[in-house]
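Presented below is the structure to which this report refers.
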Amino acid sequence: MNLKEAYKLSQLSPMFYSKKHNSLVIFSYHFVDPIVFQNYPQTRELRGIVFDSVSGEVVARPFPKFFNLGEDACTVTEDTEVSANEKIDGSLVTAFVYNQRIQLASKGSLNSWVTQEATQLLTANHKKLVKDLYDRGYTTIFEYISKDKPVVIHYPHSKLIFVGARSTYSGELMTPEVIVEIAERYNVPYAHIQFQNVQAWEIKKSIRNKEGIEGVVAYADSANIAKIKTEWYFLLNKYSPMNLTEKQIRKAFFEQTIDDIYSSLPEASKQRVNEVIAKITKRIEKRVKEVSEFFETVNTSISRKEFALLVQKSVKPEQRSIYYAVQFYGKSVEEAVFEYFKKHASR
């Protein structure tokens, strides 16, 4: 994949966006639409992938979007023999070398609080690991866990944990066994192996009732992986798979936890979720188009007061925050629209 192809894929749905930071461009998504990933498998790469804007080549390739065991788009089945390491409940951090310097990226940004805080935890060993893997053609992948900003699970210490590496060019993933070998060689914290050469259903059964852990990442090979999570972690979402309301689906969609419940749903409920998501994305697409067309016809260099007066004349009061977010706060149209709908999701 090159930059041109990534831009083309990102036009398939308003869920995707790109951000440029100096000469780098990162692609990710605001929300998850399972149908898009299923119908267009290549879009799974738009999950923090980074390109050089000049050459158009990939410079960092994190994990692709992958799924919970049982989801329709998951490439691992319950009968697949896998090895699995622990799934760390943190924030994705991709590390690579660019212009002879180590650069960090989160899932959706090249300059976020995640990358800023993770940078402070880069030890000499971390840096040597990143540089050596880069020389071998690999992107290094960490999970950043913060004792002060937990995702769900509270960890006692902040750490930068080595969880994987991926060929920047071919997309091939390092297996859990190789991850452990490399981590111990460089003496950095890593995701420990929990299972080796067992069928996925055995792992699912084994960890089902465990508490205090998110689950595991199961590797069938260097290309196919899946998440297997504990019932305890699923229950944190407080959704009943058998009785999902439209309001609950909207909430899960905008909080980006739809993945965590989708695989456990019966087919009838999955269909219901797909219908609600389709309705939401249609509304988002419509609003993105309206806002984009507005900015195509407006001189954005006018004063703040002139812009505000223009918006007041032509935009409904409840929607004006979208336009102000784009004009005054540097949000992309897609991001501003998504945040607007997220704020009003419960209505």
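Note that the structure is a prediction, hence the values are computed from the model and not measured.
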Sidechain-backbone polar pair: Ser206 side chain, Ile203 backbone, donor-acceptor under 3.5 Å: no
Does any non-hydrogen side-chain atom of Thr94 lie less than 4.5 Å from one of Leu104? no
Spatial distance of atom CD1 (Ile141) from atom CZ (Arg61) [nearest 0.5 Å]: 10.5 Å
Flag side-chain contact, heavy atom, 4.5 Å: Ile182 against Met174: yes
CZ (Arg283) with more than 12 external heavy atoms under 6.0 Å: no
Please report the C-alpha distance between Lys227 and Glu214 in whole Å, then the side-chain angles of each, then the deciding distance to 0.1 Å, and finally whether the salt bridge (charged side-chain N to carboxylate O under 4.0 Å, His left out) criterion is met. CA-CA 9 Å; Lys227 294 175 282 189; Glu214 182 176 353; over 6 Å; no
Would you say the side-chain atoms of Glu202 pair up with the backbone N or O of Gln199, donor to acceptor, closer than 3.5 Å? yes
Closest non-hydrogen contact found for Ala105 with Ile26 is CB-CD1, 4.2 Å
Considering all heavy atoms of both residues, which atom of Ala191 and which atom of Asn85 are nearest to each other, and what is their separation? O-CB, 3.7 Å
Interatomic distance, NZ@Lys229 vs NZ@Lys204, rounded to 0.5 Å, equals 13.5 Å
Between Phe66 and Phe63, does the ring centre distance come in under 6.0 Å? yes
Are any of the side-chain heavy atoms of His30 and Ser332 separated by less than 4.5 Å? yes
Leu133/Arg136 under side chain to side chain contact (heavy atoms under 4.5 Å, CB included): CA gap, chis, key distance, verdict: CA-CA 5 Å; Leu133 286 181; Arg136 293 170 55 186; 4.0 Å; yes
Can you confirm if the aromatic rings of Phe27 and Phe16 lie within a centre distance of less than 6.0 Å? no
For residues Ser112 and Ser106, is any side-chain donor paired with an opposing acceptor at under 3.5 Å? yes
The test is side chain to side chain contact (heavy atoms under 4.5 Å, CB included); show your working for Ile322 and Phe338 and say whether it passes. CA-CA 9 Å; Ile322 301 173; Phe338 175 75; over 6 Å; no
Do other residues, nucleotides or ligands put more than 12 heavy atoms under 6.0 Å from the CD atom of Gln312? yes
Do we get Arg304 above Phe328's six-membered ring, with its NZ or CZ under 6.0 Å from the centre and within 45° of the axis? yes
Decide salt bridge (charged side-chain N to carboxylate O under 4.0 Å, His left out) for Lys279 and Glu275; before the verdict, give the C-alpha distance in whole Å, the side-chain angles of both, and the deciding distance to 0.1 Å. CA-CA 6 Å; Lys279 185 163 64 174; Glu275 290 171 356; over 6 Å; no
Is a donor on one side and an acceptor on the other found under 3.5 Å between the side chain of Gln248 and the backbone of Thr245? yes
Any salt bridge between Glu285 and Lys289, counting N to O under 4.0 Å? no
I want to check a possible cation-pi pair here: Lys305 against Phe307, using under 6.0 Å from ring centre and within 45° of the ring axis as the test. no
Below 4.5 Å, heavy atoms only, C-beta onward: do Ile280 and Arg250 meet side chain to side chain? yes
Pairing donors with acceptors under 3.5 angstrom, does anything connect the side chains of Thr119 and Gln116? no
Does a salt bridge link Asp132 with Lys128, judged by any charged N lying under 4.0 Å from a carboxylate O? yes
Is Lys149 paired with Glu117 through a side-chain N to carboxylate O contact shorter than 4.0 Å? yes
Closest heavy-atom pair, Leu121 versus Ser158, reported as atoms and distance to 0.1 Å, is CD1-C, 4.0 Å
Is there side-chain contact between Leu129 and Phe162, with at least one heavy-atom pair below 4.5 Å? yes
Lys210/Glu231 salt bridge by N-O under 4.0 Å criterion: no
So how far is it from Thr115 OG1 to His21 NE2, rounded to the nearest 0.5 Å? 8.0 Å
Any donor-acceptor pair under 3.5 Å linking the side chain of His344 with the backbone of Tyr340? yes
Please determine, by modelled atom types, if Thr139 and Thr168 share a side-chain donor-acceptor pair under 3.5 angstrom. yes
Could you check whether Phe31 and Phe254 have their ring centres less than 6.0 Å apart? no
So if you build clusters from Ile, Leu, Val, Met, Phe, Trp, Tyr with side-chain heavy-atom gaps below 4.5 Å, do Ile228 and Val76 land together? yes
Do the side chains of Arg166 and Glu172 get close enough for a salt bridge, i.e. N-O under 4.0 angstrom? no
Donor-acceptor pair, side chain of Asn22 and main chain of Leu24, under 3.5 angstrom: no
Parallel under 30°, tilted from 30 to 60°, perpendicular over 60°: which one fits the rings of Phe294 and Tyr323? perpendicular
Just by distance, no angles: are the side chains of Thr77 and Asp79 close enough, under 3.5 Å, to form a donor-acceptor pair? no
Are Val130 and Tyr169 co-members of a hydrophobic cluster defined by side-chain heavy atoms under 4.5 Å apart? no
Does the gap between the ring centers of His192 and Tyr190 come in under 6.0 Å? yes
Could you give the distance from CG (Asp89) to CD1 (Ile145), rounded to the nearest 0.5 Å? 9.0 Å
For the student: nearest non-hydrogen atoms of Ala218 and Ala84, plus distance: CA-CB, 3.9 Å
With no hydrogens and no angle check, just 3.5 Å: does a side-chain donor-acceptor pair link Gln196 and Glu177? yes
Considering only NZ, NE, NH1 and NH2 on the basic side and carboxylate oxygens on the acidic side, decide whether Arg287 and Glu339 come within less than 4.0 Å. no
Ring pair (Phe, Tyr, Trp, His ring centres under 6.0 Å) between His126 and Phe142, worked out: CA-CA 10 Å; His126 282 100; Phe142 298 106; 5.4 Å; yes
Within 45° of the ring axis of Tyr29 and under 6.0 Å from its six-membered ring centre, is that where the NZ or CZ of Lys107 lies? yes
Would a hydrophobic clustering, with Ile, Leu, Val, Met, Phe, Trp and Tyr connected at side-chain separations under 4.5 Å, put Ile102 with Leu110? no
Cluster overlap Val58 with Val50, hydrophobic side-chain contacts below 4.5 Å: no
Answer whether the closest heavy-atom distance between the side chains of Ile35 and Ile277 falls below 4.5 Å. no
Distance-minimising heavy-atom pair for Ser83 and Asn197: OG-N, 3.3 Å
NZ (Lys159) with more than 12 external heavy atoms under 6.0 Å: no
Look at the side-chain heavy atoms of Ile, Leu, Val, Met, Phe, Trp and Tyr, link any pair under 4.5 Å apart, and say whether Leu160 and Tyr186 land in one connected group. yes
Separation of Thr80 OG1 from Asn224 CG (nearest 0.5 Å): 8.0 Å
For the pair Asn68 (side chain) and Glu71 (backbone), establish whether a donor and an acceptor sit closer than 3.5 Å, ignoring hydrogens and angles. no
With a 4.5 Å cut-off on side-chain heavy atoms, are Gln319 and Lys316 touching? yes
Go through Tyr134 and Phe96 one step at a time and tell me if the ring pair (Phe, Tyr, Trp, His ring centres under 6.0 Å) criterion holds. CA-CA 6 Å; Tyr134 169 79; Phe96 56 101; 8.4 Å; no
To the nearest 0.5 Å, what is the distance between CG (Asn274) and OG1 (Thr281)? 10.0 Å
Non-hydrogen side-chain atoms of Ser18 and Ser10 separated by less than 4.5 Å: no
